[in-house]
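A short worksheet on the structure shown next.
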Amino acid sequence: MSTASALQIDPTLLTDGPLSAEELRRMDAYWRACNYCCVGMLYLRANPLLREPLKVEHIKNRLLGHWGSDPGQTFTWVHLNRLIKKYGLDLIYISGPGHGAPATLSNSYLEGVYSEVYPDKSEDVVGMQRFFRQFSFPGGIGSHCTPETPGSIHEGGELGYSLSHGFGAAFDNPDLIVAVVVGDGESETGPLATSWHSNKFLNPARDGAVLPILHLNGYKIANPTVLARIPPDELEMLFRGLGYTPYVVEGDEPAAMHQRMATVMEHCISEIRAVQQTARANPSVEPERPRWPMIILRTPKGWTCPKELDGHRLEGSWRAHQIPIADPVANPTHLKLLEQWMRSYRPEELFDEKGALLPELKAMAPTGIKRISANPHANGGLLRKPLDMPAFRDYAVEVKKPGQSEVSSTATLATFLAEVMLRNMTNFRVFGPDETASNKLDGIYKASPKTWMEELKPEDADGGFLSRSGRVMEMLSEHTLEGWLEGYLLTGRHGFFSSYEAFVHIIDSMFNQHAKWLEKSKQELRWREPISSLNLLITSLVWRQDHNGFTHQDPGFLDVVTNKSPGIVRMYLPPDANCLLSVADHCLRSVDYVNV
């Protein structure tokens, strides 16, 4: 049976961590409520609190969703709540494991935010039934953190972008902490592997912090994960080599794990605050790159589900990745096991007669906008302020006679962008993969150098293009840059991205995901406020490739763009410098588009 059946508290555990016996009891109860809701979303269309024996007619006809990462994510969220309350943190949560939305949804529901956004999903038996039934159900919601999910800025429909989104959210948000749970399957993707280097661009004096939590539960959909199977010392060396200080929380016994997680998380928050206080104590001194903390959370796949099913291991194996008990409708023995599993969370101890979470447990979550799923940074349009824009005509090329002046369009644009940056030094950044200068946009450097938190050498001062306080973001990873920009925009800021046409294809699918997010938000979700448009300048076009030649010729990204709804994308082909200025001015003022 499930390890959730009882919280066995060893008296020695009460002195082995910061949690008192009462706090431990309540935190574990809140965690059980989260996990119960996750399982309810996967299976139930009726009888949400099991107030009668579980029957076939209570089960959804088609079972879809993912359980494997949910209990580890809910465990993390419960501990983040404790620290938000204790320290008054401003914190958002990004769920990297692709289909782990039940963890975010359950917490949003228990915090009351979901019912505020969707009143028909009320905090009672009727609302809970609707909440459970809609999940992975026709006309309902998807199994990842779609835009409909309060508190999310990360779709999760495609793996690999969680960490770059998290760092993008933290740039220029000095008081914000972004907790990013990275799935160990997700960690095998190229975009995620590269985005660990984002710590080399985070300035503790002016930016917020990112707390990466690598969730090692051991398995993908049907295979073990690489990082879960390498020796622990190799894993630690990997993250130390990437510039982090890793802290390991490992186990499966709930009481001990609560104490370990509370201890480690509190230490990480204290470490983050100490780094920031040191960096901000003397504004005249440029800070060095700190070694930021991160957590390695190693728990069983599908933690707290039944240990075995039909002689096969369930908890702690790939079989717990999606629907652990796949056929409760057809198999009476499996239906009984599912009921035992759900009852092991003891819902009668968690919810009152009306079906609402008990007040003593409700009090475990923060209130108001301190609730993770209500944080305004995760609905960035609430915080967005229009750019202070110069008059673009002041930067225009004088045309005395048609066809007589030969000037660089992008060099002209750079002068304009430099002024935009100077007027908006806390909410506008420019992104590009080591191509800002080659695209003749180096005039931007008059406003700000490039961000660089690594070693600075004497020759770097020649030209002054590298600085701890730079605002031009350059890294030779289109994936990471696009992720930073998306996280920056989704939390209410503004940005501009340039890339060669041949290599912008690297972010084809990222563009697709962002366009889908915008379409859903813009057309269906009135509660999501408009965000700044994603502005993408394509350079080095086919007819100007004398140097790079055939390898750099590919205008096909425009084909990808034209496949999208005209309500979401706009494509401009300015023929000269002055037209480009006008287009850039328009695009930087717009909202809820991808402008190419």
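Values below: all heavy atoms of this structure, side chains included; hydrogens, waters and symmetry mates excluded.
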For the pair Val591 and Arg384, evaluate side chain to side chain contact (heavy atoms under 4.5 Å, CB included) and give the outcome as yes or no after the intermediate values.
-> CA-CA 10 Å; Val591 296; Arg384 178 186 180 273; 3.5 Å; yes
For the pair Asp592 and Ile531, evaluate side chain to side chain contact (heavy atoms under 4.5 Å, CB included) and give the outcome as yes or no after the intermediate values.
-> CA-CA 6 Å; Asp592 281 349; Ile531 62 169; 3.6 Å; yes
Residues Ser164, Tyr161; criterion side chain to side chain contact (heavy atoms under 4.5 Å, CB included); working and verdict = CA-CA 6 Å; Ser164 58; Tyr161 312 135; 4.3 Å; yes
How far apart are the C-alpha atoms of Glu482 and Leu534, what are their side-chain angles, what is the distance that settles it, and do they pass the side chain to side chain contact (heavy atoms under 4.5 Å, CB included) test?
-> CA-CA 9 Å; Glu482 175 71 12; Leu534 195 157; 3.1 Å; yes
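Scored by the ring-ring contact (aromatic ring centres under 6.0 Å, His included) test, Phe497 finds no partners at all (sequence neighbours excluded). The side chain to side chain donor-acceptor pair (under 3.5 Å) test applied to Arg291 returns no partner, not counting sequence neighbours. Listed by chain and residue number, nothing satisfies the salt bridge (Lys or Arg N to Asp or Glu O under 4.0 Å) test with Glu286 (two or more places apart in sequence, or in another chain). Listed by chain and residue number, nothing satisfies the ring-ring contact (aromatic ring centres under 6.0 Å, His included) test with Phe496 (two or more places apart in sequence, or in another chain). Partners of Arg260 under the side chain to side chain donor-acceptor pair (under 3.5 Å) rule, at least two apart in sequence or in another chain, do not exist in this structure. Annotation: ring-ring contact (aromatic ring centres under 6.0 Å, His included) contacts of Tyr87 (sequence neighbours excluded): none. Residues that satisfy the side chain to side chain contact (heavy atoms under 4.5 Å, CB included) test with Glu474, not counting sequence neighbours, are Asp434, Thr436, Tyr445, Lys450, Val472. Residues that satisfy the side chain to side chain donor-acceptor pair (under 3.5 Å) test with Asn282, not counting sequence neighbours, are Ser284. Shown here are the ring-ring contact (aromatic ring centres under 6.0 Å, His included) partners of His377, two or more places apart in sequence or in another chain: there are none. With sequence neighbours excluded, the residues satisfying side chain to side chain donor-acceptor pair (under 3.5 Å) with Ser477 are Thr480. Here Asp175 pairs with Arg280 under the side chain to side chain contact (heavy atoms under 4.5 Å, CB included) rule; sequence neighbours left out.
We find that Glu288 and Arg468 are joined by a salt bridge, their nearest charged nitrogen and carboxylate oxygen being less than 4.0 Å apart. Taking the charged nitrogens against the carboxylate oxygens, Lys520 and Glu155 have no contact shorter than 4.0 Å, which rules out a salt bridge. A salt bridge links Glu266 with Arg82: the distance from a Lys NZ or Arg NE/NH1/NH2 to an Asp or Glu carboxylate oxygen falls below 4.0 Å.
Taking each heavy atom of Leu537 and Leu441 in turn, the nearest pair found is CD2-CD1, 4.2 Å.
Side chains of Lys301 and His321: a donor-acceptor N/O pair is present below 3.5 angstrom, by distance only. Between the side chains of Tyr118 and Trp527, at least one donor N or O sits under 3.5 Å from an acceptor N or O. There is a side-chain donor-acceptor pair under 3.5 Å between His215 and Thr299. Checking Asn595 against Asn535 by side-chain atom types alone, a donor-acceptor pair falls below 3.5 Å.
Counting only heavy atoms from C-beta outward, the side chains of Glu236 and Pro246 approach each other to under 4.5 Å. In this structure the side chain of Trp303 reaches within 4.5 angstrom of the side chain of Met257, judged on heavy atoms. Side-chain atoms of Leu536 and Ile538, non-hydrogen and from C-beta on, do get closer than 4.5 Å to each other. The shortest side-chain heavy-atom distance between Thr491 and Phe171 does not fall under the 4.5 Å cut-off. Between Phe201 and Phe167 there is no side-chain heavy-atom pair separated by less than 4.5 Å. Between Ser532 and Tyr488, every side-chain heavy-atom pair lies at or beyond the 4.5 Å cut-off. With a 4.5 Å cut-off on side-chain heavy atoms, Asp172 and Asp207 count as touching. Side-chain atoms of Met237 and Ile230, non-hydrogen and from C-beta on, never get closer than 4.5 Å to each other.
Residue-environment remark: NZ (Lys86) exceeds the threshold of 12 foreign heavy atoms within 6.0 Å. Residue Ile369 places its CD1 atom among 12 or fewer non-hydrogen atoms of other residues, nucleotides or ligands, all under 6.0 Å distant. Atom CH2 of Trp452 has 12 or fewer neighbouring heavy atoms from other residues, nucleotides or ligands inside a 6.0 Å radius. Residue-environment remark: NZ (Lys370) exceeds the threshold of 12 foreign heavy atoms within 6.0 Å.
Distance check: Leu481 CG to Ile507 CD1 gives 8.5 Å after rounding to the nearest 0.5 Å. How far CZ of Phe431 is from OG of Ser498: 11.0 Å, rounded to the nearest 0.5 Å. Separation of atoms CG (Leu417) and CD1 (Ile444) is listed at 5.0 Å; rounding is to 0.5 Å. A distance of 9.0 Å separates CG in Leu588 from NE2 in His494, rounded to the nearest 0.5 Å. Between the CG atom of Leu211 and the SG atom of Cys268 there is a distance of 5.5 Å, given to the nearest 0.5 Å. To the nearest 0.5 angstrom, His586 atom NE2 is 8.0 Å from Ser533 atom OG.
Arg493 places a side-chain N or O within 3.5 Å of a backbone atom of Gly168 that can act as its donor or acceptor partner. Remark: the backbone N or O of Tyr500 is paired with a side-chain donor or acceptor of Glu435 at under 3.5 angstrom. Of the possible polar contacts, one joining the Ser448 side chain to the Arg471 backbone as a donor-acceptor pair under 3.5 Å is found. Lys200 contributes no side-chain N or O that, together with a main-chain N or O of Gly243, makes up a donor-acceptor pair within less than 3.5 Å. In this structure a side-chain-to-backbone donor-acceptor pair under 3.5 Å is present from Arg528 to Pro147. For Thr451 (side chain) and Gly470 (main-chain N/O), a donor-acceptor pair under 3.5 Å exists by modelled atom type. Judged by distance alone, the side chain of Asn35 and the main-chain N or O of Thr74 form no donor-acceptor pair under 3.5 Å. Glu188 contributes no side-chain N or O that, together with a main-chain N or O of Thr225, makes up a donor-acceptor pair within less than 3.5 Å. With Ser521 contributing its side chain and Leu518 its backbone, the two residues share no donor-acceptor pair below 3.5 Å. A donor-acceptor pair under 3.5 Å is absent between the side-chain atoms of Ser106 and the main chain of Cys38, judged by distance alone.
Under the 30°/60° scheme for interplanar angles, the aromatic rings of His505 and Phe557 are found to stand perpendicular. A tilted orientation is assigned to the rings of Phe75 and His258, their planes being inclined by 30° to 60°.
Residue pairs meeting the ring-ring contact (aromatic ring centres under 6.0 Å, His included) criterion with at least one member in residues 265-293, sequence neighbours excluded: Tyr247-His267.
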